[in-house]
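Presented below is the structure to which this report refers.
As the structure lists them, so they are numbered: ligands from 1, and atoms in each ligand from 1. One is the number of the first residue; the rest follow in order along the sequence.
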Amino acid sequence: MTESPPARVFADRSEACRTLALELVGLVVSIQATGRHAVLGLATGRTPLPFYAELIRLHREGKLSFARIITFNLDEYLGLPARHPESYHSFMRRELFDHVDIPAANIHIPDGMVTPEKLAAHCAAYEDAIRAAGGIDFQLLGIGRTGHIGFNEPGSPRDSRTRRVELDPITRQDAAPSFGGLDQVPTHAISMGCGTILEARKIALLAWGDAKAAIVNEALTGPVTDRVSASFLQEHPDATFYLDAEAGKAL
Ligand code: F6R
């Protein structure tokens, strides 16, 4: 039998992000006190924006340093160079890395321009780098309307690892406005697998707004199935959903 991960419903996303950011500072400090770097798994998309704004604020107030933090992003679009404005490399620089003291060598994001011949080795090296860093202490997640975490679309196996994935038509539709049209949205990405994500020691999934309420409810209370990769979080010992009132309204 599985127990659903706890869902914490906040009045709004600012309160959720303030709470989680303070918890993360506590975790980072306690890990660093043991003499090692803290390893964070990071997400992109609209959802983590207020959370990253909060981390930047804490950094400016002297409460959070990234000097001894190592990061691994969940995914990157295939075919986009790092300098493309919609690449997740650009996103992370713009929304977080350019505003904090993280050493460039500590940042890991899959390379969207890797050639087909080098792709398998690149994905294996990504997994190796996570392992060499000691595994992910804290993984931040959003959730797609297809129930994906990372870009693990329906049908992604529970034990999948970092690999090339095909984006679901719904995911591409959701990305179309920022790309200026559906035909501009990449068809494939590199994504950490469900297995990679589930090995993180602590997981926080964020979701805001009405549009996420149904899929959040399904992930938390529906069957554990590869049709909704976020449902695998029900089997994780330390995963928590941080929701605003709208995203939590179907629970
Ligand atoms: C992003 C990612 C995706 C997003 C999800 C939600 O790195 O892996 O799983 O978290 O598509 O996207 P938003 O936040 O834009 O609704």
Do [X] and [Y] get their side chains close enough for a donor-acceptor pair, meaning under 3.5 Å?
X	Y	value
Tyr242	Glu23	yes
Ser231	Glu218	no
Ser156	Arg163	yes
Thr146	Asp168	no
Glu76	His89	yes

For this output row, return yes or no: ring centroids of Tyr77 and Phe151 closer than 6.0 angstrom. yes

So which residues, sorted by chain and number, lie with a heavy atom under 4.0 Å of ligand 1? Ala43, Thr44, Gly45, Arg46, Thr47, Leu74, Asp75, Gly142, Ile143, Gly144, His148, Gly150, Lys212

